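Hydrogens, waters and symmetry mates are skipped; everything else that's a heavy atom, side chains included, is used. This structure is a prediction, so every number in the text was calculated from the model and none was measured. Chain identifiers are assigned alphabetically (A, B, ...) following the order of the sequence lines, protein sequences preceding nucleic acid strands; residue numbering begins at 1 within each chain.
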Amino acid sequence: MILAREFYARPTLDVARDLLGKVLRHRTGDGVTAGRIVEVEAYIGEDDPACHAAPGPTERNAPLYGPPGVAYVYFNYGLHHMVNAVTEPKGRPAAVLIRALEPIEGLDLMRRRRGQLRWRQGKPAPTDHELCRGPGNLTAALGITLAQNRLGLTRGPLVIHDDGERVADIAWSPRIGISVGTEHLWRCTVADSRAVSGSKRPPRS
DNA sequence: CGTTCGATGCACT
DNA sequence: GTGCATCGAACGT
């Protein structure tokens, strides 16, 4: 069952927790790729210094101020796309960054897309659990680019759905890759997933 | 184990 | 011009 808009129109930390175990699926002309969400981070409001809404509304962060259940995709470090799900009722800028998936469908296509990146040419092929480990890796594997920015996640080529699977243990830890706002434990992971990113495994709950 | 660093594009000041 | 919500190899300890 595809998650409805109301799922996203809630407190962001609740949405982040409930997204663990759900399936992100992208359909393109090349085929379908999908994976189970095992790592997310919450970015909440203009008072959160790490949130893209911190400077106030701009052209780039406009999707954060729009309706929930929409994809917010941006490009950074010159080579990586990041995909977020916009949360909270319209007007409250917040989102959940999707950081890692366990691949479910389209693994061959994922591998092909990962191998296409210039910087990766000549590198060893990623293992199954590395294909969608890390926010930059999963967007590459699923073929998510700025073309998917502002797409609704409740229908169409890019959706998040519930296939009935339930995750057992989750853990909260500090968000990574940022220099401010690290006091919040707003990173939520499936405790024992091999696909979770980072050199250090987050603490077991 | 840990830290450093290059590749690379664009929004923002 | 500066600084990223990164990745992964190459180092040092």
If we require ring centres under 5.5 Å and near-parallel planes under 30°, does Tyr43(A) stack on dA5(C)?
yes
Rounded to whole angstroms, how far apart are [atom1] on [X] and [atom2] on [N]?
X	N	atom1	atom2	result
Glu46(A)	dC12(B)	CD	P	13 Å
Tyr72(A)	dA11(B)	OH	C1'	9 Å
His81(A)	dC10(B)	NE2	P	9 Å
Ile176(A)	dG8(C)	CD1	P	13 Å
Leu79(A)	dG9(B)	CG	C1'	9 Å
Asn61(A)	dC4(C)	CG	P	16 Å
Arg60(A)	dT13(B)	CZ	P	10 Å
Leu64(A)	dC12(B)	CG	C1'	15 Å

Mind checking if Gly136(A) touches a base, just sugar-phosphate, or nothing, with heavy atoms under 4.0 Å?
sugar-phosphate
Under a plain distance cut-off of 3.5 Å, with no hydrogens placed, do Thr33(A) and Glu105(A) share a side-chain donor-acceptor pair?
no
Please determine, by modelled atom types, if Thr189(A) and Glu39(A) share a side-chain donor-acceptor pair under 3.5 angstrom.
no
Taking only the P atom of each, what is the distance from dT13(B) to dA5(C) in whole angstrom?
13 Å
Taking only the P atom of each, what is the distance from dC5(B) to dT13(C) in whole angstrom?
13 Å
What's the closest nucleotide to the side chain of [X] if the choices are [options]?
X	options	value
Asn137(A)	dC7(C), dA5(C), dC12(B)	dC7(C)
Leu97(A)	dC12(B), dG9(B), dA5(C)	dA5(C)
Ile178(A)	dT6(C), dC12(B), dA5(C)	dA5(C)
Thr58(A)	dG9(B), dA5(C), dC12(B)	dC12(B)

Under 3.5 Å for both donor-acceptor distances, Watson-Crick or wobble: does dT8(B) have a partner, and if so which one?
none
Within less than 4.0 Å of OP1 or OP2 of dG8(C), is there a side-chain N or O belonging to Arg114(A)?
yes
Looking only at side-chain N and O atoms, does His80(A) come under 4.0 Å of OP1 or OP2 in dA5(C)?
no
Using a distance-only criterion (donor-acceptor N/O pair, under 3.5 Å, no hydrogens), is the base of dA5(C) paired with the side chain of Tyr74(A)?
yes
Checking His184(A) now: which residues fulfil side chain to side chain contact (heavy atoms under 4.5 Å, CB included) with it, not counting sequence neighbours?
Arg175(A), Trp186(A)
Closer than 3.5 angstrom, by distance alone: can the side chain of Arg187(A) be matched with the main-chain N or O of Glu41(A) as a donor-acceptor pair?
no
Tell me whether the count of non-hydrogen atoms from other residues, nucleotides or ligands lying under 6.0 Å of CZ in Arg92(A) goes above 12.
no
